[in-house]
Amino acid sequence: MQLHWHRRDLRVADNRGLATAAEAGPVAPLFVFDRDVLDHAGAPRVRYLLDALAELREAYRERGSDLLVARGDPRTVVPAVAAALDAKRTVWGIDYSGLARERDADVRLALDDAGVAREPVHDAIFHPPGSITTNAGDTYSVYTYFWKKWRDRDKPEPYSEPEAGDLADAGTLESAAERLADGDAEFDIAVGDLPTVSDLGFEEPTAAVQSAGTEAARERLSAFCADAIYRYADDRDYPTRDATSRLSADLKFGTIGIREVYAATAAAREGVGGERDESVEEFQSQLAWREFYAHVLREHPNVVTENYKEYEEDIAWRDDAEELAAWKAGETGYPIVDAGMRQLREEAHMHNRVRMIVASFLTKDLLCDWRHGYAHFREHLADHDTANDNGGWQWAASTGTDAQPYFRIFNPMTQGERYDPDGEYIKRYVPELSDVTANAIHEWHELTDLERERLAPDYPAPVVDHSERRERAISMFEAARGDD
DNA sequence: GGTCCTTTACG
DNA sequence: GTAAAGGAC
């Protein structure tokens, strides 16, 4: 018997850990609800997780097996389950965040004590940390050369999914779970017994979270590769053009495998040339960004709470509570910013270009520490991923790897005008502006209070003056640099 | 060590 | 067009 511990690989297809375990099968699959992980989650993500797990459980049931579901500390649960199953080996896909690594190191020791072999495998990304480095052997801190090496390296094909004969039958799982439950285990365990959102201490999310699971992910992938991937390079920055894959949450939870995603993009490249070929490559480059940030996090686990870039002095963030609240509520009086923040609340998602805009606005216009924004995203995004979100926030805050230079500050009006010229995205999420012309929306900061009152009485005036705050942001960074 | 590059802004 | 910091080669 082999134990496969599912974490962020909630699928049976193209799952390296599962395929590895199945080689020596049969495999018993396990998922553990870990309080330490849930304490950092938000309702949309919990909803997504439960939906993905329900589908995973179904995939196992269709194959005559089932999913063991436990609630407790993996340090205790995993070795106990392995013992109850008389498992010879436990396999899992590696998570590169610091908290996960500390936990997994403890689990490894516990399994060693129990005499159970373990095999963590690189599954979530193609090229694991340490495998792509500068010519001097260091982890890259700028993206371009990382990308060139990532792009030119061979990409493995998807792993095959286990068949019924590779899996522990449901009865075996049931009796193991009963033995554990009858004992004085410090955790709950049952076969296929998924909790509800409220069981886990969360309110049902108000956001309309997109459909979770492998089937939905595959639909998104095939739709994307049939059409939008060819205009991705041109359209990806325009939030109303639906030119993004929407696979971020699927990749975060592993409801689809990275090899399967890449293979579909590679197939889309077959036989096309010129701009279409370059557009597919542009998307593949986004997959590489994801791996770049995984490398950064693996090498520098403290970026979760600390600036990557060292400044001479502390950055004197303003951290005004009212301005932060206005940002979170989508009430800043900067239409593109407010539209993004409201999309986040309504859909547990935000278009990537708009993420950059709202992040720049929080850090450079409101002069708020990026950690406030990161925490808000972590709570509200269905696709929140430590490595990617931290990378994005520190990029916008000019504190990260390959970061936006502190003096190159997004102009929220210019950004809105450029990427949402007709105000379509803005009006979709900011109904107060639905009857206002695009021109007036993009000039909102230049209108008089009287004009604003007449056009949209319920929409706020800008909370700050951009050009004034821009100068202040530059001064704030120059002071932190130790410049005079 | 010069050159290229960076999910630009501003005059 | 020009500006600006810092990596990587």
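Bear in mind the structure is a predicted one, so any value in this text is a computation, not a measurement. Chain naming here is simple, since letters A, B, ... match the order of the sequence lines and numbering starts at 1 in each.
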Find every protein N or O atom lying less than 3.5 Å from an N or O atom of nucleotides 1-6 of chain B, and list the pairs.
none

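For the pair A:Tyr140 OH and C:dG6 C1', the computed distance is 15 Å after rounding to whole Å. We find that CD of A:Glu471 is positioned 13 Å from C1' of B:dG11, with the value rounded to whole Å. With rounding to whole Å, A:Tyr406 atom OH is found 16 Å from B:dC10 atom C1'. When rounded to the nearest whole Å, the span between NZ of A:Lys148 and P of C:dC9 equals 11 Å. A straight line from CD1 of A:Ile474 to P of C:dA5 spans 11 Å, rounded to a whole angstrom. Protein atom CD of A:Glu478 is 12 Å distant from nucleotide atom C1' of C:dA5, rounded to whole Å. Atom P of nucleotide C:dC9 and atom CG of A:Asp152 are separated by 13 Å, given to the nearest angstrom.
Looking at residues two or more places apart in sequence or on another chain, you find no side-chain hydrogen bond (donor to acceptor under 3.5 Å, both in side chains) involving A:Ser141. Scored by the side-chain hydrogen bond (donor to acceptor under 3.5 Å, both in side chains) test, A:His372 finds A:Asp319 as partners (sequence neighbours excluded). Listed by chain and residue number, nothing satisfies the salt bridge (Lys or Arg N to Asp or Glu O under 4.0 Å) test with A:Asp402 (two or more places apart in sequence, or in another chain). Judged as a salt bridge (Lys or Arg N to Asp or Glu O under 4.0 Å), and not counting sequence neighbours, the contacts of A:Asp449 are A:Arg452. Shown here are the salt bridge (Lys or Arg N to Asp or Glu O under 4.0 Å) partners of A:Glu424, two or more places apart in sequence or in another chain: A:Arg428. For the salt bridge (Lys or Arg N to Asp or Glu O under 4.0 Å) test, residues two or more places apart in sequence or in another chain that qualify with A:Glu161 are A:Arg63. For A:Arg16, the side-chain hydrogen bond (donor to acceptor under 3.5 Å, both in side chains) criterion is met by A:Tyr159, not counting sequence neighbours.
In this structure, A:Phe33 has its ring center closer than 6.0 angstrom to the ring center of A:Phe31.
If you check every strand for non-hydrogen atoms under 4.0 Å, A:Lys149 touches sugar and phosphate atoms only. At a threshold of 4.0 angstrom between heavy atoms, the contacts of A:Arg418 are confined to the sugar-phosphate backbone, with no base atom among them. Heavy atoms of A:Asp237 sit nowhere under 4.0 angstrom from any nucleic acid atom.
Each of A:Arg290, A:Arg8, A:Arg45, A:Lys252 was evaluated against A:Asp385; a single residue qualifies, A:Arg8, per the salt bridge (Lys or Arg N to Asp or Glu O under 4.0 Å) test.
Here the closest heavy-atom approach between residue A:Arg11 and residue A:Thr214 is recorded as CB-OG1, 3.6 Å.
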Practice problem: Any chance you could encode DNA chain C as dot-bracket? Rule is Watson-Crick or G-U wobble with both distances under 3.5 Å; [ ] for pairs crossing earlier ones, | for another strand. | Solution: |||.|||||
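Residues A:Asp465 and A:Ser467 have side chains that bring a donor and an acceptor to within less than 3.5 angstrom of each other.
The stretch residues 409-416 of chain A touches DNA chain B through A:Ile409, A:Phe410, A:Asn411, A:Gln415, each having a heavy atom under 4.0 angstrom from the strand. Within residues 375-382 of chain A, no residue approaches DNA chain C, by heavy-atom distance under 4.0 Å.
Out of C:dA8, C:dA4, C:dG6, the shortest distance to the side chain of A:Phe407 is found at C:dA4. Among C:dA8, B:dC10, C:dA5, the nucleotide with an atom closest to any side-chain atom of A:Arg470 is B:dC10.
Judged by the 6.0 Å distance and 45° axis criteria, A:Arg153 is not positioned over the aromatic ring of A:Trp150.
For residues 408-439 of chain A, the ring pair (Phe, Tyr, Trp, His ring centres under 6.0 Å) pairs, not counting sequence neighbours, are A:Tyr238-A:Tyr419, A:Tyr425-A:Tyr429.
When atom types are taken as modelled, the side chain of A:Glu379 and the backbone of A:Ala43 share no donor-acceptor pair closer than 3.5 angstrom.
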